[in-house]
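Each ligand, and each atom within it, is numbered from 1 in the order the structure gives.
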Amino acid sequence: MMVLTKKMIEIRSILQTVGQSNALNLPSIVVIGSQSSGKSSVLEAIVGHEFLPKGSNMVTRRPIELTLVNTPNGQAEYGEFPALGLGKITDFSHIQRTLTELNLAVPDSQCVSDDPIQLTISSPNVPDLSLIDLPGYIQVVGHDQPLELKQKIADLCDKYIQPPNVILAISAADVDLANSTALRASRRVDPRGERTIGVVTKMDLVDAKRGADILSDRKYPLRLGYVGVIPKAPHSSSSLFKKGSGNISAAITRNENAYFSSHPVEFGSDADLNLGTTTLRKKLMQVLEQTMAASLKTTRESVRNELEEATYEFKVQYNDRPLSAESYLAESLDGFKHSFKEFTETFGRPQVREMLKEELDQRVLDLLAAKYWNRPITNLGPAPVEPDVLADLPKADPESLYWHRKLDSSTSQLTKLGIGRLATTVVANAIQTNVDRLIANSTFANHPFARQAITEAASGILNERFYSTSDQVENCIKPYKFEIDVEDGEWTRGREHAAGVLKTELKTVEEAVKDVEKVVGGKRKLKDVMSFVEKARKGEVVVGDDGATGAGGFSSDLLSKGKEALFLTDRAQLLRLRLNALKSPQCATKNNKYYCPEIFLDVVSTKLVSTAVLFLNVELLSEFVYQFPRELDVRLGRGLTKAEVERFAREDGRVRGHLDVIRRKELLELALEKMDGVRELESRKREEGRGR
Ligand code: GDP
């Protein structure tokens with residue numbers, strides 16, 4: 001017969017995970033009682049173990065949804081907290097500690113919480129039951145407890161004792177039933193006493209006559225009756241059982257039997273009283289099964305309605321499209337890998353070459369500026385003693401050692417720049433930037449977890465390859481540190497490219513001058529400031545320490561803008577000069593390299609880049625293209641647990657909604673199927689009953 005309860009408890013658990021609506025609930029037995037009425041003792045006697053939080057100041061702060069599962073063929077007794085994922089706990093003192101911690105986690109300000117703790121206890125010694133333990137009613141608020149605690153507990157209990165739940169109202173025999181808070185509460189919601197079981201504890205503390213009178217009470221009649229119990233494990237044995245994981249039910253029953261049979265007049269068989277925890281268990285099983293069976297029909301209706309709604313939502317909102325967290329992740333990952341593949345097709349040797357060359361062009365410009373184009377005007381004051389290098393260059397004697405050394409040292413500075421490091425950094429950064437761009441344009445954009453995983457996958461590979469790549473590149477350009485042969489074709493191409501670089505630079509400088517003009521307030525004004533600065537440079541006017549109020553009436557801000565503009569126009573003039581030089585027949589052949597350092601350095605940088613690109617391609621780029629997708633598979637595929645995949649998918653609001661509606665539908669379908677199973681079982685039983 002109890003198969004039905006088991007199945008219905010299963011259905012109840014399924015419906016609980018669907019959540020929300022009360023209509024989707026099968027009834028449970030709600031346990032209420034005042035503090036110290038023996039409520040915990042009764043529950044522990046039913047379970048056969050001490051597992052509830054104890055301690056004088058310990059108030060249960062959250063409801064405990066206790067599901068007992070009878071495992072007829074099992075040996076082990078264990079508890080599980082499905083929401084916590086702690087696995088099977090066979091040590092009941094561990095369950096007790098966990099419950100204590102969960103209770104203490106409710107902040108004092110909140111007093112009690114209506115968020116239930118779910119606990120399942122499986123054992124061959126427990127019946128299939130679904131019980132809800134609530135905080136005990138308190139009479140007087142302790143001085144260290146919040147004032148509203150009493151009311152909050154009462155409100156919480158009221159929420160749970162609504163129909164169709166069965167109320168297990170615990171009262172102690174040594175307190176007048178008229179004063180029992182539990183019975184008073186139950187009477188308010190169940191005035192005819194139809195779904196309340198009265199439990200009277202501490203039968204051993206009142207004299208037998210009085211105890212028997214309480215149980216046959218006519219003043220507060222309950223259809224389901226009263227049960228008298230002594231749920232306290234006898235002292236000697238309880239200390240004995242503390243050590244092991246022994247079951248205390250038998251000891252309690254023995255104790256109860258001994259007590260009741262020692263008062264045959266009051267508790268004898270003809271007294272027709274419900275006595276002992278064993279009787280209580282049986283009663284609970286019976287009542288729960290009947291109550292559950294009675295509400296099966298209405299609950300089934302609710303489930304059907306709910307399922308229809310979910311089906312409709314699935315169709316309208318999600319087009320009946322199946323989805324799982326796994327498939328969502330797999331699709332997203334495929335999409336991302338695809339976009340990465342597309343990227344690799346546009347990011348090969350030519351692109352790397354161009355990027356590197358641009359970087360080196362800038363370095364060459366810096367070198368030229370430092371070595372050849374230096375007319376320092378950082379200080380106001382007399383012109384530097386150094387000769388005007390550029391004015392001298394075209395007149396230079398090709399045999400002059402001075403110019404030879406200048407070019408040699410420039411070249412060696414370029415080749416010893418640390419090309420390996422520089423080139424590797426440039427390419428690695430470009431790859432990382434592109435990966436970031438791909439992420440931003442992918443489904444993963446809304447998934448912090450995945451974004452991080454991908455970024456880390458990329459930087460992991462890049463970091464790992466960094467040193468070997470940069471060493472390789474550095475090694476391979478080594479020959480250029482000693483000797484550089486230039487061919488005619490290279491010279492011609494270098495000449496063209498260098499001219500292009502100078503032109504671009506010239507444009508940048510001219511734009512910068514315009515910007516300064518704007519800041520200063522026009523061409524004229526800037527010209528005035530500049531000519532003043534020019535004079536100061538030549539020593540024709542003197543600028544005092546207090547530059548701000550200095551001659552010309554220019555503020556120090558203006559003067560520094562003037563200096564900047566002067567520097568820029570100087571630079572522009574110089575660039576024009578050099579552009580002309582490059583175009584001149586003098587620079588047409590490689591024989592005149594000392595006159596044309598811009599071309600020679602360009603040729604060198606092109607050679608460095610070509611060599612670097614070869615090795616960057618092999619050591620970094622190809623490796624990355626090969627490893628990255630595999631690393632993604634590990635970090636976002638095989639390497640993830642089911643829970644992580646689920647968490648990932650749920651980061652996206654729309655996906656979460658989609659998954660939720662599918663899950664809801666599946667659970668409701670499952671519940672409905674099981675309910676139909678139960679109905680079939682019931683009708684078969686009825687037929688058998690008739691046949692007999
Ligand atoms: P709760 O606060 O309602 O959970 O009450 P407890 O189950 O903790 O019981 C309060 C006290 O009464 C404990 O010291 C129990 O050992 C004791 N107690 C519970 N039931 C009985 C009983 O039937 N007889 C006796 N003598 N003591 C009991």
Side-chain angles (χ1 to χ4, degrees), residues 29-64 66 92 95-96 99-100 103 112 117 119 131-142 145 149-150 153-154 156-157 167-175 177 179-186 197-208 210-212 214-215 226-239 241-242 248-249 251-260 262-263 267 273-281:
I29 300 170
V30 180
V31 191
I32 54 171
S34 312
Q35 258 181 337
S36 299
S37 60
K39 191 161 65 68
S40 313
S41 305
V42 169
L43 282 169
E44 291 178 341
I46 293 170
V47 169
H49 288 275
E50 285 192 31
F51 68 99
L52 289 166
K54 297 278 156 60
S56 55
N57 203 22
M58 184 62 223
V59 186
T60 304
R61 286 165 179 252
R62 290 172 65 180
I64 302 173
L66 180 62
F92 281 78
I95 298 179
Q96 193 170 38
L99 284 174
T100 305
N103 271 310
V112 289
I117 299 170
L119 170 62
L131 297 156
I132 299 170
D133 182 28
L134 291 167
Y137 291 109
I138 51 175
Q139 316 301 336
V140 226
V141 178
Q145 289 169 332
L149 182 61
K150 186 173 166 177
I153 291 175
L156 177 61
C157 293
I167 303 169
L168 195 66
I170 315 263
S171 318
D174 56 353
V175 176
L177 276 204
N179 290 332
S180 159
T181 323
L183 283 174
R184 249 183 288 148
S186 108
I197 302 174
V199 174
V200 181
T201 60
K202 310 196 184 179
M203 291 295 288
D204 57 326
L205 293 188
V206 293
D207 84 42
R210 181 154 169 244
I214 296 173
L215 296 185
Y226 288 91
V227 185
V229 294
I230 309 171
K232 196 174 137 89
H235 212 65
S236 56
S237 49
S238 85
S239 63
F241 284 122
K242 280 243 167 64
I248 55 174
S249 301
I252 290 176
T253 306
R254 227 178 297 126
N255 188 45
E256 283 175 326
N257 287 344
Y259 177 81
F260 292 127
S262 67
H263 300 281
F267 301 118
L273 298 173
N274 289 316
L275 297 173
T277 45
T278 310
T279 309
L280 176 61
R281 285 167 163 226

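- Atoms of ligand 1 found under 4.0 Å from any heavy atom of Ser40 (numbered from 1 in listed order, with element): 1 (P), 4 (O), 7 (O).
- Of the possible donor and acceptor atoms, none in the side chain of Asp174 sits under 3.5 Å from a partner among the backbone N and O of Val206.
- Residue contacts with ligand 1, taken as heavy atom pairs separated by less than 4.0 Å, involve Gln35 solely via the backbone atoms N, CA, C and O.
- Any N or O atom pair closer than 3.5 Å counts here, and Leu205 shares no such pair with ligand 1.
- Every ring-ring contact (aromatic ring centres under 6.0 Å, His included) that Tyr259 has, sequence neighbours left out, goes to His263.
- Looking at Glu44 and Lys232, no side-chain N of the basic residue comes within less than 4.0 Å of a carboxylate O on the acidic one, giving no salt bridge.
- Leu215 places a side-chain heavy atom less than 4.5 Å from the side chain of Met203.
- The protein non-hydrogen atom at the shortest distance from atom 19 (C) of ligand 1 is Ser41 OG, 3.4 Å.
- The ring-ring contact (aromatic ring centres under 6.0 Å, His included) search around Phe267 returns Phe260, not counting sequence neighbours.
- In terms of protein heavy atoms, atom 27 (N) of ligand 1 is closest to Lys232 CD, 2.9 Å.
- The protein does not reach atom 13 (C) of ligand 1 closely, with no heavy atom under 4.0 angstrom from it.
- Between Asp204 and ligand 1, a contact under 3.5 Å exists for at least one N or O pair.
- Not a single N or O atom of Lys54, backbone or side chain, sits closer than 3.5 Å to an N or O atom of ligand 1.
- With hydrogens left out, the protein atom closest to atom 1 (P) of ligand 1 is Ser36 N, 3.4 Å, a heavy atom.
- Less than 4.0 angstrom separates atom 5 (O) of ligand 1 from at least one non-hydrogen atom of the protein.
- For the ligand labelled ligand 1, residue Ala172 lies outside the 4.0 Å heavy-atom shell.
- Under a 3.5 Å cut-off, the side chain of Asn255 and the backbone N or O of Ala251 do not form any donor-acceptor pair.
- Leu183 has its side chain within reach of Tyr226: a pair of non-hydrogen atoms, C-beta onward, lies under 4.5 Å apart.
- Taking a 4.0 Å cut-off on heavy atoms, Gly33 fails to register as neighbouring ligand 1.
- Residue, atom and distance of the protein heavy atom nearest to atom 22 (C) of ligand 1 are Lys202 CA, 3.4 Å.
- No side-chain heavy atom of Pro63 sits less than 4.5 Å from a side-chain heavy atom of Asp133.
- With contacts defined as side-chain heavy-atom distances shorter than 4.5 Å, the pair Ile64/Phe51 does not qualify.
- The two residues Leu99 and Pro53 have their closest heavy-atom pair at CB-CG, 3.8 Å.
- For the pair Gly136 and ligand 1, no heavy-atom separation below 4.0 Å is found.
- Ligand 1 has no nitrogen or oxygen under 3.5 angstrom from a nitrogen or oxygen of Thr201.
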